[in-house]
Amino acid sequence: MNTTAMFGPFRRLFNICRKELLVILKDPANRALLLLPALMQSLIFGYAATYDLNHASYALLDQSHSRASTDLVMRVDGSGVFTRVATLSNESQIAPIINSQQALIVIHIGPRFEQLLYEGQAAAIQVILDARNSVTASNAAAYLGGIIEQFNEAWRAQLGVAKSPLTINMRAWFNPTLDTRWSFLPSLVATLSMMQTMLLTALSVAREREQGTFDQLLVTPYTPAEIMIGKSVPCILVGLFQSTVILLISVLWFKIPVAGSLFTLYCGLLMFTLASVGIGMSISALSASMQQAMLYTFVLLMPMVLLSGLTTPVANMPLAMKWLTSVNPLRYAIDLIRRVYLEGVGLGTVLSDIIPLLIISAITLPLAGWLFRNRLA
């Protein structure tokens with residue numbers, strides 16, 4: 001059999017494959033996209049996307065000050081999971097430390113704690129959970145339950161009784177049933193609208209280039225700033241509309257009541273949408289085609305979602321990841337929506353989320369405008 005006829009198809013396939021690989025690797029941008037997204041996302045998944053609790057903050061109100069309460073507190077402090085951030089002196093301090101998110105848990109030990117243990121009566125401690133993130137609260141409660149069980153085993157052996165001497169009176173604030181839907185659906189108001197807003201904005205200028213209408217913008221009487229604003233405003237309206245749809249589904253279909261003001265909620269959503277549009281417009285100005293715009297958008301979206309606190313708590317992330325979350329607008333939007341939606345706080349309370357969103361908008365929108373003008377020039 002002729003060797004050329006036998007190996008000819010394989011040689012042609014090899015040449016086509018070689019040509020495609022050279023096309024892919026020839027562009028420096030393509031070479032970077034082959035390595036950087038996989039490297040970045042692997043590190044983020046490995047460090048940030050974890051449900052393990054390593055630094056669960058708690059506050060202690062010990063009104064017993066006895067040997068038994070000291071034994072229990074030492075077990076909590078020595079667990080390697082819980083970190084005490086405050087020692088309270090009275091019950092009026094519980095609400096502020098939970099509302100400000102300084103502590104995930106408050107442990108309240110009553111004044112007759114040790115006396116009840118020695119009398120053989122059930123000694124209860126009160127545990128108050130910040131359940132705005134129900135997954136984190138449930139995990140913290142499970143860890144604490146294991147510590148309580150170890151405490152009970154030791155005291156059962158000491159007292160010679162069969163029943164558990166210590167019980168837990170658990171209260172979950174802002175999500176009484178610890179339903180994950182209560183913490184997840186409000187967060188989607190920002191997350192899903194951001195995905196659509198960024199994608200629409202990123203495709204706006206790239207679509208003009210790909211369809212050949214980009215040059216027509218150069219001869220219109222509009223300035224680059226006017227064109228950018230004209231492309232941004234519809235995307236902002238679409239983002240707010242999508243947020244409204246998700247909000248209505250959460251309230252009317254899943255029966256999750258809004259505890260706060262809709263005015264406060266939409267002020268935060270507007271600031272967040274502006275920041276998202278600024279990022280999307282910057283991507284659009286840098287992209288030469290719709291394919292590039294979509295690729296750049298999705299490369300950014302996954303790290304932003306993972307570093308937002310949507311599913312895994314920011315407090316558990318390494319320090320470097322926490323620094324990255326500080327420039328992530330989705331982190332502030334999710335925190336704002338959860339606080340307004342579930343806690344019912346006012347506009348003044350969520351300024352710590354609105355101000356970073358304003359700063360991000362003040363950086364990304366002028367950057368998008370500068371890139372837009374330079375690409376039009």
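R75 has a carboxylate O that lies under 4.0 Å from a charged side-chain N of D71, or vice versa, which qualifies the two as a salt bridge.
Counting only residues at least two apart or in different chains, ring pair (Phe, Tyr, Trp, His ring centres under 6.0 Å) contacts with residues 113-138 comprise Y118-W155.
In the displayed structure, F254 atom CZ is contacted under 6.0 Å by more than 12 heavy atoms of other residues, nucleotides or ligands. For CD of E153, the number of neighbouring non-hydrogen atoms (other residues, nucleotides, ligands) closer than 6.0 Å is greater than 12. Heavy atoms from other residues, nucleotides or ligands lying under 6.0 Å from OH of Y266 number more than 12.
Using a 4.5 Å heavy-atom threshold, the side chains of L301 and M198 count as touching. Within the 4.5 Å cutoff, no side-chain heavy atoms of V245 are placed close to those of L248. L61 places none of its side-chain heavy atoms less than 4.5 Å from the side chain of Q93. Under the 4.5 Å side-chain criterion, counting only non-hydrogen atoms from C-beta, L185 is in contact with I256. Proximity of V73 to I107: side-chain heavy atoms (C-beta onward) are nowhere separated by under 4.5 Å. For the pair L357/L274, no side-chain contact is recorded, criterion being any heavy-atom separation below 4.5 Å from C-beta on. Side-chain contact between F82 and D77: absent, with no pair of heavy atoms (C-beta onward) separated by less than 4.5 Å. Between L60 and L88, the closest side-chain pair of non-hydrogen atoms is not below 4.5 Å.
In terms of modelled atom types and a separation under 3.5 Å, the side chain of Y143 and the main chain of S138 share no donor-acceptor contact. Within the 3.5 Å criterion, the main-chain N or O of N99 finds a donor-acceptor partner in the side chain of R339. Of the possible donor and acceptor atoms, one in the side chain of S308 sits under 3.5 Å from a partner among the backbone N and O of V305. Put simply, the side chain of S57 gets close to the backbone of Q102: a donor and an acceptor are under 3.5 Å apart. Remark: side-chain polar atoms of Y332 are paired, donor with acceptor, to backbone N or O of S326 under 3.5 angstrom. Side-chain N or O atoms of T349 include none that pairs as donor or acceptor with a backbone N or O of V345 at under 3.5 Å.
The only member of V189, L330, I334 that meets side chain to side chain contact (heavy atoms under 4.5 Å, CB included) when paired with M194 is L330. The only member of T325, L310, L336 that meets side chain to side chain contact (heavy atoms under 4.5 Å, CB included) when paired with R331 is T325. Tested against I236 for a side chain to side chain contact (heavy atoms under 4.5 Å, CB included), the candidates L270, T197, L269, T201 yield a single pass: L270.
E114 CD to S66 OG: the interatomic distance, rounded to the nearest 0.5 Å, is 4.0 Å. The structure places CD1 of I105 at 12.5 Å from CD1 of I97, a figure rounded to the nearest 0.5 Å. Taken from CG in L203 to CD in Q291, the straight-line distance is 11.5 Å, to the nearest 0.5 Å.
With no hydrogens or angles considered, a side-chain donor-acceptor pair links S69 and D62 at under 3.5 Å.
Under the 4.5 Å side-chain heavy-atom criterion for ILVMFWY residues, no single connected hydrophobic cluster contains both I94 and V85.
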